[in-house]
Amino acid sequence: MSKSQIFVIDDHALVRLGMRQLLNGEPDLNVCGEAEDLPGALAKLEHTPTDLVLLDLSLRNGDGLDALKQLRTQRPEQRIVVLTTHDEKVYGERVIRAGAAGYVMKATPAEEVLNAIRTALRGELAVSPALAAALLNTVLGQRPGTRAPLDTLSDRELEIFKLIGQGQNTRDIANSLGISAKTVETHQFNLRTKLGIASTHQLRHLAFTWRDNDGKTP
């Protein structure tokens with residue numbers, strides 16, 4: 001079995017050691033490198049094939065949220081899961097909107113950490129049910145005095161959002177609507193912009209969640 005390569009960025013050597021022992025003990029996962037700060041990570045990642053980065057929000061020489069944004073800028077396709085002690089109620093939405101593929105608390109049982117990593121590797125959003133509900137509530141405008149972002153979508157954008165939730169890919173949607181794949185991609189870009197979503201897999205996860213709740217907040 002080909003192992004997925006995981007790079008760990010954490011300023012605590014003991015945490016990095018623990019993650020190496022945990023991940024290297026799995027048949028499908030391997031720690032390919034580690035760093036205690038962003039500069040060190042970027043230097044190593046240049047020459048280290050990596051499927052996913054595990055990133056702490058507390059770094060010795062900088063802020064983890066800023067590090068996440070820089071990583072996303074320099075490596076747009078890199079999957080990143082935040083593994084931190086910080087409460088997801090405070091940082092969860094910010095981290096996902098900045099482009100992370102998941103958010104996991106360090107107090108989470110090891111098996112759930114492994115599940116989150118594998119979920120993100122599949123291209124899905126790895127968050128707790130509570131954070132998923134909070135993200136959906138935000139998009140649906142469930143806050144006093146706010147306009148639901150979904151209400152800002154055009155009829156065609158909402159139609160495409162629904163089709164994404166039904167599991168259709170870009171080509172499927174183009175065929176269903178009789179438009180070009182390029183036009184669908186443009187609509188998807190507009191959807192991400194209006195909904196404040198950084199990546200296509202996050203858009204897909206949100207559409208699935210919305211579908212599973214019959215178009216309502218959970």
Side-chain angles (χ1 to χ4, degrees), residues 1-86 88 91-128 131 169 185 188-189 192 197-205:
M1 178 186 294
S2 177
K3 293 193 174 189
S4 296
Q5 302 301 311
I6 315 297
F7 193 98
V8 181
I9 307 176
D10 195 295
D11 62 357
H12 288 90
L14 192 58
V15 172
R16 299 197 302 272
L17 173 61
M19 293 310 301
R20 276 204 311 275
Q21 292 176 338
L22 174 65
L23 300 181
N24 289 349
E26 296 297 305
D28 57 333
L29 303 173
N30 177 67
V31 173
C32 61
E34 62 181 65
E36 65 177 5
D37 56 23
L38 182 62
L42 289 174
K44 292 179 180 179
L45 285 168
E46 277 294 318
H47 311 287
T48 307
T50 303
D51 297 301
L52 183 142
V53 169
L54 278 179
L55 172 68
D56 190 9
L57 285 183
S58 297
L59 299 176
R60 179 167 297 130
N61 298 320
D63 176 75
L65 189 55
D66 287 339
L68 169 62
K69 293 175 182 177
Q70 289 185 53
L71 275 169
R72 288 287 300 168
T73 298
Q74 297 191 32
R75 302 173 64 86
E77 301 305 316
Q78 181 71 69
R79 292 190 181 97
I80 304 168
V81 169
V82 166
L83 179 65
T84 185
T85 58
H86 293 290
E88 68 176 26
Y91 285 94
E93 289 189 51
R94 294 175 183 270
V95 162
I96 298 304
R97 290 186 178 280
Y103 193 101
V104 187
M105 302 281 291
K106 285 184 176 178
T108 301
E111 192 60 37
E112 292 184 26
V113 174
L114 293 171
N115 287 339
I117 290 171
R118 292 182 176 115
T119 296
L121 285 168
R122 290 196 302 269
E124 301 171 19
L125 196 61
V127 296
S128 69
L131 181 51
N169 60 29
E185 291 172 355
Q188 290 175 336
F189 175 81
R192 294 198 304 272
I197 295 171
S199 67
T200 300
H201 80 264
Q202 291 176 20
L203 176 63
R204 186 166 57 248
H205 178 84

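These values consider heavy atoms only, across backbone and side chains, with no hydrogens, waters or symmetry-generated copies. Along the sequence shown, residues are numbered consecutively beginning with 1.
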Mind checking the [atom1]-[atom2] spacing from [X] to [Y]? Nearest 0.5 Å is all I need.
| X | Y | atom1 | atom2 | answer |
| --- | --- | --- | --- | --- |
| Ser199 | Leu125 | OG | CG | 7.5 Å |
| Glu34 | Leu17 | CD | CG | 8.5 Å |
| Leu114 | Glu26 | CG | CD | 4.5 Å |
| Leu29 | Gln5 | CG | CD | 9.0 Å |
| Gln78 | Leu52 | CD | CG | 7.0 Å |
| Thr108 | Tyr103 | OG1 | OH | 10.0 Å |

side-chain contact (heavy atoms from CB on, under 4.5 Å) between Met19 and Ile6, intermediate numbers included: CA-CA 10 Å; Met19 293 310 301; Ile6 315 297; over 6 Å; no

Flag side-chain contact, heavy atom, 4.5 Å: [X] against [Y]:
| X | Y | result |
| --- | --- | --- |
| Glu46 | Leu42 | no |
| Thr84 | Val95 | no |
| Asp10 | Leu54 | no |
| Lys106 | Asp56 | yes |
| Asn30 | Asn24 | yes |

Exactly one of Leu23, Asp51, Asp28, Ile117 clears side chain to side chain contact (heavy atoms under 4.5 Å, CB included) with Ser4, and that residue is Asp51

Can you name the closest pair of heavy atoms from [X] and [Y] and give their distance?
| X | Y | answer |
| --- | --- | --- |
| Thr50 | Cys32 | OG1-SG, 3.6 Å |
| Val104 | Ala116 | CG2-CB, 3.5 Å |
| Gly64 | Leu59 | CA-CD1, 4.2 Å |
| Ile197 | Arg97 | N-NH1, 4.5 Å |
| Leu38 | Ala67 | CD2-CA, 3.8 Å |
| Ala98 | Leu68 | CB-CD2, 3.6 Å |

**Study point:** Residues forming a side chain to side chain donor-acceptor pair (under 3.5 Å) with Asp66, sequence neighbours excluded
**Key:**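 Once residues adjacent in sequence are excluded, Asp66 has no partner under the side chain to side chain donor-acceptor pair (under 3.5 Å) criterion.
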
Return the set of residues passing side-chain contact (heavy atoms from CB on, under 4.5 Å) with Lys44 (not counting sequence neighbours), or none when no residue passes.
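For Lys44 the side-chain contact (heavy atoms from CB on, under 4.5 Å) partners, ignoring immediate neighbours, are Phe7, Thr48.
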
Quiz prompt | Pair listing, salt bridge (charged side-chain N to carboxylate O under 4.0 Å, His left out) test, anchored in residues 67-85, at least two apart | solution =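 Passing the test, one end in residues 67-85: no pairs.
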
* Could you walk me through whether Val127 and Glu88 pass side-chain contact (heavy atoms from CB on, under 4.5 Å), step by step? => CA-CA 9 Å; Val127 296; Glu88 68 176 26; over 6 Å; no

